[in-house]
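Everything numeric here is computed off the predicted structure, so don't read it as measured data.
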Amino acid sequence: MSKQYETVIGLEVHVELATRTKIFCSCSTQFGGAPNTHTCPVCTGMPGSLPVLNRQVVEYALAVGLATNCQINQYCKFDRKNYFYPDNPQNYQISQLYLPICHDGWLEIETESGGSKKVGIHEIHMEEDAGKLIHDEWEDCSLVDYNRSGVPLIEIVSEPDMRNAAEVIAYLEKLRLIIQYLGASDCKLQEGSMRADVNLSVRELGAPEFGTRTEVKNLNSFKAIARAIEGERKRQIELLEEGRAVVQETRRWDDNKESSKAMR
Ligand SMILES: [Zn+2]
């Protein structure tokens, strides 16, 4: 390899908040439970049902924002993000697209060389989780469980300030420590109460512009995240070395095969 490359990484981290009840209704957020027992007309998207915001969600989002040096928007609002998929009974997700509750924060991490570095936080917004689809290949059908539908989430969107897997892990560990200390979430990657999507691009060292980025999903441990970053970095550099272009797309990481595939 003749050229030298730099990796540019940003993260979208979803965290399930530790409230007793869901974001817009009084159904339980408890993990598990028989399918569709923690549901009501609001979180199953019945026509005419009225969402009422859970105060604790706002308080947790604010606490995380303040602990990560964010500015707090005095006026914020929710928006409907329309998409049609069976895990989403309303056909829209209630999220914050334009005026998120927190913005422009940062976290300080320690780097491998023993120094420190600030990673910018673009924004933190509140939103609701979707239900879960279970694909039963034996019965040849798909089933849906809405117990998770309406569980409160915050999404923490970083700036593209990280340059390698070690910085990403240091950022995630710091974030998890802060959120756990605040009691806002238990941040368990295996149970999905903390989930990270990795946006990654490569560019020639010293290049002024970012390369084309891809998003890698389905990462449920820090080790999987580190392996996915290494795999995706190599894949993109190989494409560029062959004179081909990186396609902007979402890819699903398969940690057993240690490779990623484009998602439809
Ligand atoms: Zn409900």
Side-chain angles (χ1 to χ4, degrees), residues 4-18 57-74 76 96 99-127 152-190 192-203 205-211 213 215-217 219-230 232-233:
Q4 276 207 305
Y5 292 93
E6 179 181 49
T7 316
V8 175
I9 309 167
L11 290 186
E12 290 167 22
V13 178
H14 283 93
V15 172
E16 272 183 11
L17 297 176
V57 172
V58 181
E59 290 178 357
Y60 279 148
L62 283 173
V64 175
L66 290 172
T68 53
N69 310 291
C70 284
Q71 306 291 311
I72 307 300
N73 265 331
Q74 297 300 308
C76 74
Q96 296 193 291
L99 287 171
I101 186 163
C102 314
H103 62 98
D104 293 307
W106 51 268
L107 270 189
E108 194 162 73
I109 58 166
E110 280 169 28
T111 58
E112 281 177 309
S113 57
S116 68
K117 167 175 181 170
K118 274 185 186 176
V119 176
I121 290 175
H122 182 72
E123 67 172 66
I124 301 176
H125 60 257
M126 302 176 284
E127 60 186 24
L153 297 175
I154 50 172
E155 181 174 343
I156 303 145
V157 183
S158 85
E159 298 292 352
D161 289 344
M162 289 160 275
R163 295 292 175 267
N164 55 51
E167 289 183 7
V168 169
I169 303 304
Y171 168 82
L172 284 170
E173 282 178 344
K174 188 80 177 269
L175 196 59
R176 184 173 64 173
L177 195 69
I178 289 171
I179 295 171
Q180 285 177 336
Y181 181 80
L182 293 169
S185 174
D186 58 12
C187 294
K188 287 183 184 164
L189 275 86
Q190 275 79 0
S193 60
M194 186 181 201
R195 296 168 234 159
D197 300 333
V198 174
N199 290 300
L200 186 150
S201 64
V202 296
R203 62 177 168 186
L205 204 61
E209 281 160 20
F210 291 139
R213 67 185 161 85
E215 184 179 25
V216 185
K217 286 185 181 280
L219 303 165
N220 55 15
S221 71
F222 284 169
K223 279 184 183 151
I225 291 168
R227 281 193 287 264
I229 287 170
E230 200 44 42
E232 185 56 15
R233 188 184 77 87

Check your understanding: side-chain contact (heavy atoms from CB on, under 4.5 Å) between Ile121 and Leu107: does it pass, once the steps are laid out?
Key -> CA-CA 7 Å; Ile121 290 175; Leu107 270 189; 4.2 Å; yes
**Study point:** Worked verdict on Leu153 versus Val15 for side-chain contact (heavy atoms from CB on, under 4.5 Å)
**Key:** CA-CA 5 Å; Leu153 297 175; Val15 172; over 6 Å; no
Point to revise | Polar side chain donor-acceptor pair, Glu155 to His14, under 3.5 angstrom | key: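 Yes, side-chain donor-acceptor contact under 3.5 Å.
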As an exercise, state the distance from [atom1] of [X] to [atom2] of [Y], rounded to the nearest 0.5 Å.
| X | Y | atom1 | atom2 | result |
| --- | --- | --- | --- | --- |
| Ile169 | Ile229 | CD1 | CD1 | 6.0 Å |
| Arg233 | Leu200 | CZ | CG | 9.0 Å |
| Leu66 | Ile124 | CG | CD1 | 9.0 Å |
| Gln180 | Cys187 | CD | SG | 5.0 Å |
| Leu11 | Ser158 | CG | OG | 5.0 Å |
| Lys217 | Asp197 | NZ | CG | 4.0 Å |

Please find the pair of heavy atoms, one from [X] and one from [Y], that lie closest to each other, and give the distance.
| X | Y | result |
| --- | --- | --- |
| Tyr60 | Gly183 | OH-O, 3.4 Å |
| Cys102 | Gly65 | SG-CA, 3.7 Å |
| Gly211 | Ser201 | O-CB, 3.5 Å |
| Ala196 | Ile225 | CB-CD1, 4.1 Å |
| Asn220 | Ala224 | N-CB, 4.4 Å |
| His125 | Val157 | CE1-CG2, 4.4 Å |

Practice item. Dump the intermediate steps for salt bridge (Lys or Arg N to Asp or Glu O under 4.0 Å) on Glu230 and Arg227, then the final yes or no. Key: CA-CA 5 Å; Glu230 200 44 42; Arg227 281 193 287 264; over 6 Å; no
Review point. Step by step, would you call Glu232 with Val198 a side-chain contact (heavy atoms from CB on, under 4.5 Å)?
Key: CA-CA 10 Å; Glu232 185 56 15; Val198 174; over 6 Å; no
**Study point:** Pair Ile156-Thr68, side-chain contact (heavy atoms from CB on, under 4.5 Å): steps then yes or no
**Key:** CA-CA 10 Å; Ile156 303 145; Thr68 53; over 6 Å; no
**Study point:** Criterion side-chain contact (heavy atoms from CB on, under 4.5 Å) against Tyr171, the qualifying member of Ile9, Asp161, Val119
**Key:**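 The option that passes is Val119.
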Practice item. Identify the residue among Ile154, Val64, Asn73, Val58 that makes a side-chain contact (heavy atoms from CB on, under 4.5 Å) with Ile101. Key: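 Answer to the side-chain contact (heavy atoms from CB on, under 4.5 Å) test with Ile101 among Ile154, Val64, Asn73, Val58: Val58.
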Point to revise | Arg213 atom CZ, neighbour heavy-atom count above 12 within 6.0 Å | key: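 Atom CZ in Arg213 is not crowded, with 12 or fewer foreign heavy atoms closer than 6.0 Å.
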Practice item. Evaluate the criterion side chain to side chain donor-acceptor pair (under 3.5 Å) for residue pair His122 and Glu159; output intermediate values, then yes/no. Key: CA-CA 5 Å; His122 182 72; Glu159 298 292 352; 3.1 Å; yes
Practice item. Could you tell me whether the side chain of Phe222 reaches within less than 4.5 Å of the side chain of Glu173, counting heavy atoms only? Key: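 Yes, side chains in contact.
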Point to revise | Test item: Thr7 side-chain N/O and Asn164 main-chain N/O as donor-acceptor pair under 3.5 Å | key: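 Checking the backbone N and O of Asn164 against the side chain of Thr7, no donor-acceptor pair under 3.5 Å is found.
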Point to revise | Full working for salt bridge (Lys or Arg N to Asp or Glu O under 4.0 Å) between Glu16 and Arg195 | key: CA-CA 9 Å; Glu16 272 183 11; Arg195 296 168 234 159; 3.3 Å; yes
Practice item. May I have the step-by-step check of salt bridge (Lys or Arg N to Asp or Glu O under 4.0 Å) for Glu6 and Arg163, ending in yes or no? Key: CA-CA 7 Å; Glu6 179 181 49; Arg163 295 292 175 267; 3.3 Å; yes
